[in-house]
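Note on naming: letters A, B, ... go to the chains in the order of the sequence lines (proteins, then strands), and numbering restarts at 1 for each one. Just so it is clear, the values below take in all heavy atoms, side chains as well, and ignore hydrogens, waters and symmetry mates. Every value quoted in this text rests on a predicted model; they were computed, and no experiment measured them.
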Number of protein chains: 2
Amino acid sequence: MTKQPAPPALDRYDRHILEILQREGRISNQELADRIGLSPSPCLRRVRALEESGLIVGYRARVDSRRLGYSLTALLHISMDRHTPERFANFEAQVAALPQVQECLLITGQEADYQLKVVVRDMDDYQNLLLNCITRIEGVSGAHSSFVLRRVIDDTVLPAPE
Amino acid sequence: MTKQPAPPALDRYDRHILEILQREGRISNQELADRIGLSPSPCLRRVRALEESGLIVGYRARVDSRRLGYSLTALLHISMDRHTPERFANFEAQVAALPQVQECLLITGQEADYQLKVVVRDMDDYQNLLLNCITRIEGVSGAHSSFVLRRVIDDTVLPAPE
DNA sequence: ATGAAATCGGCATAAAATGCCAATTCATCA
DNA sequence: TGATGAATTGGCATTTTATGCCGATTTCAT
């Protein structure tokens with residue numbers, strides 16, 4: 001675990017940059033500079049600094065999963081039989097190899113140990129994934145499925161504090 | 001609900017473009033063209049087509065929420081007292097106004113109706129959000145909290161089928 | 001095989017990114 | 001309050017990239 005140097009302390013320009021780039025990740029530097037009220041040079045310098053500081057982790061194209069043919073999203077709560085590091089590490093490695101698994105969270109407060117978010121074509125795919133892949137992983141003692149009826153809020157912009 | 005024209009049918013170039021842009025959303029068109037083995041012109045044409053077809057929804061900078069000061073992520077399962085459209089619409093509107101709510105899913109299969117993913121600074125913030133904002137929304141009859149101990153898999157790349 | 005439509009690569013032009021430097025701003029301390 | 005140094009800005013020249021157009025090639029159905 002490598003902690004990065006120092007908390008950079010963001011001013012209003014940086015916060016504005018972060019806000020805009022979270023919504024429009026491919027905006028040109030010139031347009032971005034116009035929006036925040038700086039000339040292109042310092043604007044680009046700031047963006048680079050945010051990237052190198054690790055505050056901006058990367059950029060992503062967002063694709064419409066339904067239009068790609070994945071019409072079913074499910075949340076899967078997984079319980080493990082024994083809570084040993086080996087069991088957990090193995091489960092995580094197995095699950096990471098499944099492309100349908102979009103997200104895997106180790107959680108507390110639920111009866112489950114993990115919550116997976118999986119995206120599949122249809123219920124047949126889901127059944128197959130669940131029975132032939134997930135529940136066969138060593139240590140998995142229980143699984144409970146929830147299906148996503150609608151994405152009310154998808155993935156909002158994190159406000160930069162202060 | 002406006003359905004878009006026709007399923008474009010993706011070839012290997014399109015699939016390759018989608019895969020790369022999901023990982024490196026700000027890659028230059030020239031670099032992208034090199035990677036997929038096309039010249040810049042047709043490569044850019046394809047990217048534009050993917051954008052206009054709606055398959056690529058947009059681009060996002062990903063920020064490190066912890067480094068922004070949000071060290072606590074929680075999953076909140078919400079139950080509603082009565083399942084009327086008005087109740088649901090109102091709840092969704094209220095929740096959409098809370099910047100801490102990163103995601104809101106209408107779900108089935110759980111005892112809850114919604115799952116929220118919220119990102120806050122600390123437990124005090126969480127308590128405040130839960131007691132003063134969420135549970136006060138009309139129609140909310142129950143709430144159950146899970147806390148994210150670790151993000152095992154964050155947000156993987158959707159593979160383009162066929 | 002043949003024609004039409006789709007797609008490609010190359011090229012000229014426009015736009016954007018990048019690096020450098022003088023000028024300006026900001027903060028601190030005498 | 002004024003001066004000094006550090007940080008940051010804006011402008012400019014240069015390099016890189018994006019964009020639009022067109023002829024050449026490929027694809028496909030007939």
Side-chain angles (χ1 to χ4, degrees), chain A residues 3-64 67-69 157 159-162, chain B residues 3-64 67-69 157 159-162:
Chain A
K3 286 285 180 184
Q4 285 302 313
L10 307 174
D11 62 13
R12 67 193 178 94
Y13 291 125
D14 291 319
R15 289 195 292 272
H16 203 175
I17 288 173
L18 284 177
E19 185 195 325
I20 293 175
L21 283 181
Q22 283 184 84
R23 295 183 203 276
E24 298 171 60
R26 232 179 137 88
I27 189 177
S28 77
N29 180 60
Q30 303 235 356
E31 170 75 10
L32 179 61
D34 276 349
R35 298 252 197 108
I36 70 172
L38 271 183
S39 66
S41 293
C43 181
L44 185 60
R45 274 193 294 268
R46 282 166 179 273
V47 172
R48 293 286 176 262
L50 291 170
E51 289 167 357
E52 282 163 26
S53 77
L55 227 161
I56 292 179
V57 179
Y59 300 88
R60 288 227 157 153
R62 291 159 54 82
V63 307
D64 184 329
R67 210 168 290 210
L68 258 192
V157 172
E162 195 241 355
Chain B
K3 287 283 181 185
Q4 285 301 316
L10 307 175
D11 62 14
R12 66 193 178 95
Y13 291 124
D14 292 319
R15 288 195 293 272
H16 202 174
I17 288 173
L18 284 177
E19 185 195 324
I20 293 175
L21 283 181
Q22 283 185 82
R23 295 183 203 277
E24 299 170 61
R26 232 181 137 89
I27 190 176
S28 77
N29 181 59
Q30 304 234 358
E31 170 75 10
L32 179 61
D34 277 348
R35 299 251 197 108
I36 70 173
L38 271 183
S39 66
S41 292
C43 181
L44 184 61
R45 273 193 295 266
R46 281 165 179 271
V47 172
R48 294 284 177 263
L50 291 170
E51 290 167 356
E52 282 165 24
S53 77
L55 227 161
I56 292 179
V57 179
Y59 300 88
R60 288 230 154 150
R62 290 159 55 82
V63 307
D64 185 328
R67 210 168 288 212
L68 258 191
V157 171
E162 196 240 352

Inset, instruction - Return the minimal non-hydrogen interatomic distance between A:D14 and A:A9, and the atom names on each side. - result: OD2-O, 4.4 Å
Legend entry - A:V157 vs A:L18 side-chain heavy atoms within contact, under 4.5 Å: no
Inset, instruction - Please state how far atom CZ in B:R46 lies from atom P in C:dT7, giving the value in whole angstrom units. - result: 7 Å
Legend entry - For the student: nearest non-hydrogen atoms of A:I17 and A:C43, plus distance: CD1-O, 4.2 Å
Inset, instruction - Report the distance from atom CG of B:D34 to atom P of D:dT16, rounded to the nearest whole Å. - result: 14 Å
Legend entry - Donor-acceptor contact below 3.5 Å, side chain B:D64 vs main chain A:L55: no
Inset, instruction - Stems involving DNA chain D: give each as a range paired with a range, ordered by first number, where a stem means at least three consecutive Watson-Crick or G-U wobble pairs under 3.5 Å. - result: C:1-30 with D:1-30
Legend entry - Shortest non-hydrogen contact from A:L10 toward A:A160: CD1-CB, 4.3 Å
Inset, instruction - Give a yes-or-no answer on whether the side chains of B:Y59 and A:Q22 include a donor-acceptor pair shorter than 3.5 Å. - result: no
Legend entry - Atom-pair distance (CG on A:L38; P on D:dA7), nearest Å: 18 Å
Tabulated below should be each protein N or O lying under 3.5 Å from an N or O of nucleotides 14-19 of chain C; please produce it.
{"unit_1": "C:dA17", "atom_1": "OP1", "unit_2": "A:N29", "atom_2": "N", "d": "2.8"}
{"unit_1": "C:dA17", "atom_1": "OP2", "unit_2": "A:N29", "atom_2": "N", "d": "3.0"}
{"unit_1": "C:dA17", "atom_1": "OP2", "unit_2": "A:Q30", "atom_2": "N", "d": "3.0"}
{"unit_1": "C:dT18", "atom_1": "OP1", "unit_2": "A:R48", "atom_2": "NH2", "d": "3.2"}
{"unit_1": "C:dT18", "atom_1": "OP2", "unit_2": "A:R48", "atom_2": "NH2", "d": "2.4"}
{"unit_1": "C:dG19", "atom_1": "O6", "unit_2": "A:S41", "atom_2": "OG", "d": "3.0"}

Inset, instruction - Please report the shortest heavy-atom distance between A:R35 and A:H16, naming the atom on each side. - result: O-CE1, 3.5 Å
Inset, instruction - Would you mind reading off the distance between B:R35 atom CZ and D:dT17 atom C1', rounded to a whole angstrom? - result: 16 Å
Legend entry - Exam field: side chain A:R26 to backbone B:I27, donor-acceptor pair closer than 3.5 Å: yes
